[in-house]
Amino acid sequence: MKDKRGIDYKMSSMLFWWVKRAIKNTMEKERQKLKDVYAIWSACVKWSYLLMNEDTPSSYIALETQIDMEASTLLALSGFYRHANLILRGWLELSFLGLWFDDWPQLFQEWLKGGEGSPFKGRGWFKKRWLVQLLSEKPYREFEGKYQLSEEAWNLYGELSKATHAKGEKFLETPDRDDSVTCYRSDSFQRWFLNLKQVFETTTTALALKYSSIFKQDRKETRNIKNLLSNHRAEQLREILND
């Protein structure tokens with residue numbers, strides 16, 4: 001017998017009912033963490049504003065990573081934690097890629113076009129050797145030598161890469177659900193939340209080192225960003241930047 005119910009009903013039964021329930025539960029049970037999530041989102045917007053006049057690849061990519069943060073949050077609110085973490089990996093990747101292109105702006109345009117001669121064509125680019133090489137350059141060298149930012153970023157990348165396939169044990173979503181639909185889970189939200197904070201801290205550290213003259217300014221935007229860093233990271237940056 002032909003199902004005569006409309007597409008609105010069908011899509012609701014497939015997705016919307018469960019997503020709405022997951023969002024409602026998350027909003028009710030994670031109010032304090034969501035205040036921090038909003039503060040991080042606001043800080044991402046501020047980074048975009050601060051870099052706006054630089055006209056560098058990082059300034060454009062900051063707008064993209066801001067949207068990534070929003071999309072990741074929406075998925076986490078909806079109970080799609082594996083996918084939310086996967087987008088965080090994209091935020092991490094793009095941020096360091098933008099910093100590399102800051103020194104090669106002409107190659108950035110080639111990369112955007114995606115032509116045969118564009119950088120990283122046909123191969124993965126986020127490699128540990130590449131990351132160490134990037135962070136051995138002058139803006140980052142002292143911090144890298146003392147605190148191994150490349151190791152931090154690489155380990156975080158590996159953690160988030162577990163979300164690429166459902167085989168990643170920490171991000172396998174279906175076995176511990178009561179049903180096959182998306183739902184709020186406290187432990188999964190907590191893991192995503194900690195990853196979100198770490199991606200923000202790691203990428204902010206790299207941006208602060210590259211754009212230290214901006215980061216050291218005493219203004220509302222920079223104060224808001226600095227207040228979201230962990231105490232030990234804030235102290236490390238003050239030491240290296242003589243701030």
Side-chain angles (χ1 to χ4, degrees), residues 1-48 61-95 97 124 126 153 155-204 224 228 230:
M1 183 176 182
K2 186 176 180 180
D3 189 346
K4 296 183 179 179
R5 290 175 294 190
I7 191 62
D8 290 351
Y9 175 87
K10 292 177 180 178
M11 291 305 297
S12 292
S13 65
M14 170 188 172
L15 184 64
F16 296 148
W17 292 337
W18 320 114
V19 166
K20 288 178 181 177
R21 184 182 68 177
I23 292 175
K24 181 176 183 292
N25 288 338
T26 307
M27 295 295 292
E28 289 176 350
K29 296 177 181 180
E30 300 290 358
R31 299 188 71 84
Q32 186 56 52
K33 290 189 183 73
L34 289 173
K35 290 179 182 179
D36 293 338
V37 171
Y38 182 86
I40 292 173
W41 172 79
S42 180
C44 291
V45 175
K46 290 177 173 65
W47 262 126
S48 298
I61 285 179
L63 296 171
E64 190 71 25
T65 55
Q66 175 189 324
I67 299 299
D68 283 349
M69 190 271 179
E70 294 170 5
S72 180
T73 301
L74 179 60
L75 287 171
L77 285 171
S78 305
F80 293 103
Y81 302 106
R82 180 171 73 84
H83 309 83
N85 280 287
L86 184 56
I87 292 177
L88 291 182
R89 190 183 78 161
W91 172 5
L92 182 70
E93 290 177 314
L94 276 177
S95 296
L97 187 62
F126 202 93
N155 289 339
L156 180 57
Y157 180 79
E159 179 69 14
L160 295 171
S161 292
K162 295 174 184 176
T164 306
H165 305 291
K167 290 181 180 179
E169 180 182 351
K170 290 187 177 181
F171 300 104
L172 190 60
E173 296 192 2
T174 51
D176 58 343
R177 287 179 178 169
D178 295 330
D179 202 341
S180 61
V181 297
T182 182
C183 61
Y184 161 75
R185 285 176 292 150
S186 176
D187 59 336
S188 296
F189 185 88
Q190 173 70 3
R191 284 197 297 269
W192 168 82
F193 175 68
L194 293 176
N195 286 334
L196 173 76
K197 290 174 63 176
Q198 187 58 59
V199 171
F200 174 77
E201 178 149 302
T202 300
T203 56
T204 285
N224 288 159
L228 290 171
S230 63

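When a residue number appears, it is its place in the shown sequence, counting from 1. Given the structure is predicted, the values throughout are model-derived calculations rather than measurements.
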Using the side-chain hydrogen bond (donor to acceptor under 3.5 Å, both in side chains) criterion, which residues pair with Thr202? Sequence neighbours excluded. Glu152, Gln198

Measuring from atom NZ of Lys162 to atom CG of Asn195, what distance do you get when rounded to the nearest 0.5 angstrom? 9.5 Å

Provide the closest heavy-atom pair for Ala62 versus Ser48 in the form atom of the first, atom of the second, distance. O-OG, 3.3 Å

If we only count heavy atoms from C-beta on, is the Leu160 to Leu86 side-chain gap below 4.5 Å? no

Pair Lys24 + Glu28, salt bridge at N-O below 4.0 Å: yes

Test item: Leu97 and Phe126 side chains (from C-beta on) under 4.5 Å apart, heavy atoms: no

Using side-chain heavy atoms (C-beta onward) and a distance below 4.5 Å, is Thr203 in contact with Thr65? no

With Val199, which of Leu194, Ile87, Leu156 fulfils side chain to side chain contact (heavy atoms under 4.5 Å, CB included)? Leu156

Establish, from distance only, whether the side-chain atoms of Trp18 and Ser78 form a donor-acceptor pair under 3.5 Å. no

If I take atom CH2 from residue Trp91 and atom CE from residue Met69, how far apart are they, to the nearest 0.5 angstrom? 5.5 Å

Taking the side chain as C-beta and beyond, is there a heavy-atom pair between Tyr184 and Tyr81 under 4.5 Å? yes

Considering all heavy atoms, the nearest Leu77-Met27 contact: CD2-SD, 4.0 Å

Hey, are the side chains of Arg185 and Cys183 touching, using non-hydrogen atoms and a 4.5 Å cut-off? yes

To the nearest 0.5 Å, what is the distance between CG (Leu94) and CD (Glu64)? 6.5 Å

Indicate yes or no: at least one non-hydrogen side-chain atom of Leu34 is less than 4.5 angstrom from one of Phe189. yes

Spacing of Ser161 atom OG and Leu92 atom CG [to the nearest 0.5 Å]: 9.0 Å

Can you name the residues that form a salt bridge (charged side-chain N to carboxylate O under 4.0 Å, His left out) with Lys29, not counting sequence neighbours? none

Are the side chains of Asn85 and Arg191 in contact, using a 4.5 Å heavy-atom criterion? no

Return each pair, listed once, that meets salt bridge (Lys or Arg N to Asp or Glu O under 4.0 Å) where at least one residue sits in residues 31-44; pairs must be two or more places apart or across chains. Glu30-Lys33

Would you sort out whether Leu75 and Trp192 count as a side chain to side chain contact (heavy atoms under 4.5 Å, CB included), showing the intermediate values? CA-CA 10 Å; Leu75 287 171; Trp192 168 82; over 6 Å; no

According to ring pair (Phe, Tyr, Trp, His ring centres under 6.0 Å), who are the partners of Trp47, at least two apart in sequence or on a separate chain? none

If you look at every heavy atom in Gly79 and Ala22, which pair is closest and at what distance? N-CB, 4.3 Å

In the structure I gave you, are the side-chain heavy atoms of Leu74 and Glu70 within less than 4.5 Å of one another anywhere? no

Taking ring pair (Phe, Tyr, Trp, His ring centres under 6.0 Å) as the test, write out the residues that go with Phe16, two or more places apart. none

Considering non-hydrogen atoms only, spot the tightest contact between Ser72 and Ala84 and give its length. OG-O, 2.7 Å

Listed by chain and number, what are the ring pair (Phe, Tyr, Trp, His ring centres under 6.0 Å) partners of Phe193, not counting sequence neighbours? none

Option from Thr73, Leu228, Val45, Thr204 for which side chain to side chain contact (heavy atoms under 4.5 Å, CB included) with Ile40 holds: Leu228

